[in-house]
Amino acid sequence: GSSGDSGSEGGVDQVKVGVIPIIDVAPIYLGQSKGFFKNRNIELTLEAGQGGAAIVPGVSNNQFQFGFSNLTSLMIAQSKDIPIKAIAAGVASTGEAGKDFGAVVVKGDSAIKTAKDLTGKKISVNTLKNIGDTVTRESVRKAGGDPASLNFVEMGFPAMPAALAEGQVDAAWVVEPQLSAIKAAGGREVASTYVDAAPNLTVAAYFTSQKLLADDPDLVKRFTEAIHESLTYADAHPDEVRAILGTYTKIDEKLRAAVVLPKWPTQINEASVQTIADLGAKDGIFTKAPDLEKLLP
Amino acid sequence: MTTARRGNPAGDTVLLGVAGLAGLLLIIELMPRLGLVDERFLPPASRIMAALAEEAASGAFWTALSDTLVAWALGLAIAVAAGVLAGLVIGSVPALRALTASTVEFLRPIPSVALIPLAVLLYGTDLGSTLLLVCYAAFWQVLVQVLYGVADVDPVAFETARSFRFSAWARIRHVLWPTALPYVFTGVRLAASVALVLAITAELVIGSPGLGKEIAVAQASEAVPTMYALIVVTGVLGVLINLLARTGERRLLAWHQSVRGEVSA
Amino acid sequence: MNVLKKVVLALALPAVLFGAWWVLSAGSESYYSPPLSKILAAFRTTWTPTQLEAEVLPSLLRLFAGFALAALIGVGAGVAIGLNRRLRAVMEPVLEFFRAIPPPVLVPVIMLFAGIGDTMKVIVIVFGCIWPILLNTVEGVRAVDSVVLDTARSYGVNGTARITRVVLPSASPQIAAGLRQALSIAIILMVISEMFAASNGLGFTIVQFQRSFAIPEMWSGIILLGLLGFVLSLLFRLAERRALRWYEGLRAAQRSS
Amino acid sequence: MLEVKGLRKVYQSGSREVEALRDLTFTVENGDLVCLVGPSGCGKTTLLRCLAGLLAPTAGDVRVDGKAVDGPPEGMAVVFQEYGRSLFPWMNVRDNVELPLKQKKVPKRRRQELIEQSLDAVGLTGSAAAYPWQLSGGMQQRVAIARAVAYEPRTLLMDEPFAAVDAQTRADLEDLVRELWKRLGVTILFVTHDIDESVYLGQRVVMLSSSPTVVQDELLIDLPADRDQLTTRADPRFIALRTRVYEQIQAAKKNAER
Amino acid sequence: MLEVKGLRKVYQSGSREVEALRDLTFTVENGDLVCLVGPSGCGKTTLLRCLAGLLAPTAGDVRVDGKAVDGPPEGMAVVFQEYGRSLFPWMNVRDNVELPLKQKKVPKRRRQELIEQSLDAVGLTGSAAAYPWQLSGGMQQRVAIARAVAYEPRTLLMDEPFAAVDAQTRADLEDLVRELWKRLGVTILFVTHDIDESVYLGQRVVMLSSSPTVVQDELLIDLPADRDQLTTRADPRFIALRTRVYEQIQAAKKNAER
Ligand SMILES: Nc1ncnc2c1ncn2[C@@H]1O[C@H](COP(=O)(O)OP(=O)(O)OP(=O)(O)O)[C@@H](O)[C@H]1O
Ligand SMILES: Nc1ncnc2c1ncn2[C@@H]1O[C@H](COP(=O)(O)OP(=O)(O)OP(=O)(O)O)[C@@H](O)[C@H]1O
Ligand SMILES: [Mg+2]
Ligand SMILES: [Mg+2]
């Protein structure tokens, strides 16, 4: 498309960003409405994609100039030598057990009380061999259970409340808003997986292609600044975040008020990423260890 | 037994059809009310309808609807044109048929969803990638139906045309085409809904704008009644599309046993 | 001789296409369209017999179960609906309604009732591939020649015999067209159903490859899928030839020129 | 017994309305052999289909054995004019003949007998395993006749059953019909456009006018019950009768043209 | 000119092999009207289909105007025995007749004329707007005849074209064929199983034996060129000729049975 060329036209760059329309990307929507991108001569179009599988090819092929994806997906892509580069943190864990935006939950009347009890149980994750099973395993490992015995099944987050209620899975690894919905219906949190995995874990990141970085470093720089500003602003104004959620998601007002918001630091916590990379390698998610040097800014 | 027919048959049909849909609504209303399913996961029809009304009041919904319809109509038109053309040509040249059979069978079951990376690669999240998936899926439906239709031509009719030295084109136009037409209609009806399914799936998975994306957003937002409302909209679209196809069929296939049988038997 | 010719005809175009693919992709630098040589190498290492048994067999079992069930229900309901004008009027909008709903969005609903096991996947397959069977059966039944029907009626051929000996055979060419369409849709849905709550299967594996950016492996999976479709349709063709011998004879009898 | 009273049939398709039968009244007693003649398109097939319960009349009354017809009556066999379409192309000749017998629950042994006899009678012994579409037109028509004969009906309706067979076969089949009628005592209504055939076969000939169709005339054929192709056809009475029928039909045509 | 030399046709379907024609040789000169008679199933339709270039012979030679036939020859019209299936059900009567004329690029005005004339000639003026399946069997057959007549062919092949029409219409159509033949000088090959018809119509009658089929006999019909239904059929010469044909066919049948 014509938007593929990021050359300036009258000083304004047309930029497409592939995002997943969930809570995690609220800052970029907020930043867009606040004019943080316009200020830097960036005309932003946000394209909704479903997960890294659709966004990573789009970015590496310059259909999108930037994208949002969880770090495990980015590391997998990197380990396959796909030339991408993370430029800013996307979303991070709150670091407080029991008050994070992702967790393993069970039904209220379940016999599972702690992460240790998950041993041998059937747990749903949104994507197999990705960050969900890595961090859940770590929670179980830390609690003294057998991480190898976990029985993961894959299903979309939206399907999890029903699957859990109908007893089709013993536990579910979910994020907001499903997490709040399940808790509101009597569900119980048994592990704050992001918290267990690493302190202040960076879960996702914004990224671009190596090619764009080489061709138009100025654009990347401006975009990174704008993102940083957005992240900082969002972190400081949770009420505005809850309000902007109403524009690009269909989360109803009650739920919007109830959900736990994540942290939005600007810097990627490299230590936490390294931890995730090591854990992932242990669980066999990577065929080749990812080169974090090359991936991270 | 041919009983004398009472009343206006077309009106009759519509009435019965509406009764069928009303029955469905009733079932959906009653299932959660009677506690057969948890109404958190399948809300009663009345709540779905309320959510639908809410959606219909928003401009975004209508934009999404028209996005989906454009992708559907364009994709279907391309697929039908290509499918009919290829079907008639391949079907009427036996050598071509033998030559392409294996390739057709190889390509047909490759799921459109497996082509998503390819589509994204080529078109990003533009209309193009939805179109690619829609065309790919709908094309085979039409092609296969046309191939069967062409094979169904009555040899005596075909020989009549041959003996009067109809040109190849005239044989296709006046004999093969009318014979294949009932099959084509079934093919178009199949393709129309497959195209709709694929348009929405593509939007759902790739995230290009349209009803599918709205459904994905609703799902991700835990907005269950809204999600069902949007699903209902796709279903209603299907019903309307079929109504259109049926009307066309009654006009164009008045001579065919399946249509004239409705009247006389 | 004849068989040889058929084999050559069947293989000619695929050979040409694969050749073209090989040549065009030979120098490819793109991650997403790797050279065919690389894909074929991946094919050899990926689809080992143990892997085939572990991933393809479960898929195939679900596929067969779904297809058989869809055929049974589709033909049964199709005959009833095709024969009865009123039933058709009542059912058509409802069926069209469901037909237009993409199976992926219905999966959560199906999961409500059928859980997340194989039953769910089989139902998803049935739900997606029943439509061509149903539609073609309805149309085929509606198109049964009036003289044929009159003959059957006047000789007291009614009840089950009317359906099994007259209506079904007469509609069988069109039903076969529907079954054939359904077969490839069933394969597609086999893949789609394995995107939900699956832990094995061909579709599952392909999706995993795609997610983990194992692109040559993903392409090899797609090729395997195509091969599978080809082999299944070949088997179907054989069955069809047997069942519709009369029809092919009827059509071929006068085309011998 | 077949009773037709004030029968009227109007075909309606779209804007086109054809009054195929205006007002027909006649009776065929049990055990009668009545021939129906009339010009092409006058409504003979329509009448037969009403009698067979395959078509609902627009007005009037059709009774078989005193019972109003509202579906195909039991014990009735029909030989359709469209012989090609009335055979099931997915069954071979033997199965085509056998299916109605199976429906009638004729035991297997007897079925075999009936099939053999009837195929023999129409001269198709060798073609039992062939499919209808492997046969010539005349052979197909004979299969349809064999099917009706094997069925051993109480009432037999035949719609121009010999149109596609050659003269010699036709003569043989005519004699077959008469023999069958005499042996089994069936009631036969035989539609033909061949005047000689109607006189040769029937006890009575009912002549229809062209449309608007009514019964133009009825004629008792007072020829001896034992008929044969040579002597009967040479009989002066035969010639007188056929002339009579011929004249009536001509008159009917004239009427129509006026 | 139609030339058939050593024609042989064996049908093969699966394991069943039928030798429909064994060895046929005969010629039809330009402008001739030849009738072909033979018992049901002897291969008349097969022969016609070979002549029309619709069926490839197993052996032997078929030529039209000196050119070997390898597809439907130009200027030839065929009336098929399966009249019902040879009409296109998706077109009304007028369009069925018109389509071949359009294919021949006959100008519009002339087409209208031809359609009207030919439908008139077969007595279907009023049914031009009807669909074939709204017509009786005999009417359908007449549409097929009208279509061939309107085409103004140089060669006309007719396969039992009058099987489904009544005696009076048949007589009219016979006269139509002869008149057409005389007026336009077409070459006609006319298949029938009616012996009287073959003698009344033809200049020559070719008789086929039953299978294995060969030419049993050929007979020159030395009746005056001006024929009419009453006097010609009463002519002693006519009766002698028809007896002759009858005997030959009987002989052919006997041969076959032995
Ligand atoms: N399905 C139909 N729809 C409309 N008109 C019809 C239909 N069937 C028959 N007709 C009309 O009804 C009239 C009588 O037809 P019918 O078939 O009964 O004649 P018939 O006496 O059997 O003629 P034939 O000897 O040529 O077979 C004809 O004018 C015909 O056009
Ligand atoms: N498609 C076919 N396959 C096999 N056998 C066939 C086929 N068509 C015709 N035959 C056989 O060939 C022989 C001659 O058939 P044909 O139709 O030429 O006879 P015909 O002389 O036209 O008879 P009729 O007067 O009854 O129409 C018959 O024995 C028939 O069974
Ligand atoms: Mg009739
Ligand atoms: Mg014939």
Side-chain angles (χ1 to χ4, degrees), chain B residues 12-13 16-21 23-24 37 41-42 98-103 105-114 117-118 121 140-141 144-145 148 151-152 155-156 159 182-183 186 189-190 193 196-197 200-201 204 212 215 231 234-239 241-242 256-258 261-262 265, chain C residues 6 9-14 17 32 85-86 89-94 96-105 108-109 112-113 131-132 135-136 139 142-146 149 173-174 177 180-181 183-184 187-188 191-192 206 210 218 222 225-230 232-234 251 253-255:
Chain B
D12 236 37
T13 308
L16 287 171
V18 169
L21 285 179
L24 179 68
V37 289
F41 309 130
L42 179 60
L99 206 60
T100 52
S102 55
T103 311
E105 291 314 328
F106 180 85
L107 291 177
R108 222 150 55 94
I110 293 178
S112 286
V113 280
L118 189 69
L121 205 65
W140 301 112
Q141 304 280 322
V144 171
Q145 287 291 138
Y148 271 90
D152 194 39
V156 178
E159 293 198 338
Y183 286 81
T186 309
R189 287 177 58 208
L190 283 171
S193 53
L196 190 62
V197 165
I200 288 168
T201 308
L204 199 75
I215 291 178
I231 293 179
T234 70
V236 169
L237 275 185
V239 175
I241 288 167
N242 181 58
H256 192 252
Q257 177 73 46
S258 61
E262 303 276 276
Chain C
K6 267 188 194 153
L9 272 179
L11 293 182
L13 189 58
L17 290 178
Y32 298 100
R85 200 182 63 82
R86 284 176 165 271
V90 173
M91 290 306 292
E92 203 173 275
V94 176
E96 292 302 325
F97 181 86
F98 280 113
R99 201 156 68 84
I101 299 177
V105 308
V109 186
L112 276 185
F113 296 99
W131 307 114
L135 240 65
N136 272 291
E139 298 306 315
R142 280 174 71 196
V144 179
D145 192 300
S146 55
L149 282 182
Q174 208 161 346
R180 193 146 204 232
Q181 299 259 45
L183 185 61
S184 58
I187 298 176
I188 294 177
V191 174
I192 291 185
I206 291 179
Q210 183 187 327
M218 180 193 86
I222 291 179
L225 212 56
L227 284 178
L228 190 72
F230 176 64
L232 287 179
S233 91
L234 213 65
R251 289 306 182 215
Q254 292 168 308
R255 287 233 188 93

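Reckoned from all heavy atoms, side chains included, excluding hydrogens, waters and symmetry mates.
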**Student:** Measuring only between side-chain heavy atoms, which start at C-beta, is C:Phe98 closer than 4.5 Å to B:Leu24?
**Tutor:**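 They are in side-chain contact.
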**Student:** Please classify the contact of B:Leu190 with chain C as side chain, backbone, both or neither, using a heavy-atom distance under 4.5 Å.
**Tutor:**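 Looking at B:Leu190, backbone and side chain both touch chain C.
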**Student:** Return the minimal non-hydrogen interatomic distance between C:Ala177 and B:Tyr148, and the atom names on each side.
**Tutor:**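 That would be CB-CG, 3.4 Å.
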**Student:** With a 4.5 Å cut-off on heavy-atom pairs, point out which of C:Asn136, C:Leu17, C:Leu227 contacts chain B the most.
**Tutor:**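 Among the listed options, the one with the most contacts to chain B is C:Asn136.
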**Student:** Any idea which of B:Gly238, B:Gly20, B:Gly235 has the most non-hydrogen atom pairs under 4.5 angstrom with chain C?
**Tutor:**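 Between B:Gly238, B:Gly20, B:Gly235, the count favours B:Gly235.
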**Student:** Where does C:Leu232 contact chain B at under 4.5 Å (heavy atoms): side chain, backbone, both or neither?
**Tutor:**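 Contact with chain B: none, neither part.
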**Student:** Counting heavy-atom pairs under 4.5 Å to chain C, which of B:Ile215, B:Val18, B:Leu196, B:Thr186 comes out on top?
**Tutor:**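 Of the options given, most contacts go to B:Thr186.
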**Student:** Supply the atom-to-atom distance C:Glu139 CD to B:Arg189 CZ, rounded to the nearest 0.5 angstrom.
**Tutor:**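 Reported value, rounded in 0.5 Å steps: 5.5 Å.
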**Student:** Below 4.5 Å, heavy atoms only, C-beta onward: do B:Tyr183 and C:Gln174 meet side chain to side chain?
**Tutor:**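 Touching, per the 4.5 Å side-chain cut-off.
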**Student:** Consider side-chain contact (heavy atoms from CB on, under 4.5 Å). Of B:Thr234, B:Leu237, B:Val236, which one does C:Phe97 pass it with?
**Tutor:**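 Exactly one pass, corresponding to B:Val236.
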**Student:** Let me know if B:Leu21 has heavy atoms under 4.5 Å from chain C in its side chain, its backbone, both or neither.
**Tutor:**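 Contact with chain C is through both the backbone and side chain of B:Leu21.
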**Student:** In the structure I gave you, are the side-chain heavy atoms of B:Ile241 and C:Glu96 within less than 4.5 Å of one another anywhere?
**Tutor:**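 No, side chains not in contact.
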**Student:** At their closest point, which heavy atom of B:Trp140 faces which heavy atom of C:Gln181, and how far apart are they?
**Tutor:**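 Reported closest heavy-atom pair: O-OE1, 3.8 Å.
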**Student:** For residues B:Val197 and C:Ile101, determine if any side-chain heavy atom of one lies less than 4.5 Å from a side-chain heavy atom of the other.
**Tutor:**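 Counting from C-beta outward, B:Val197 and C:Ile101 never come under 4.5 Å.
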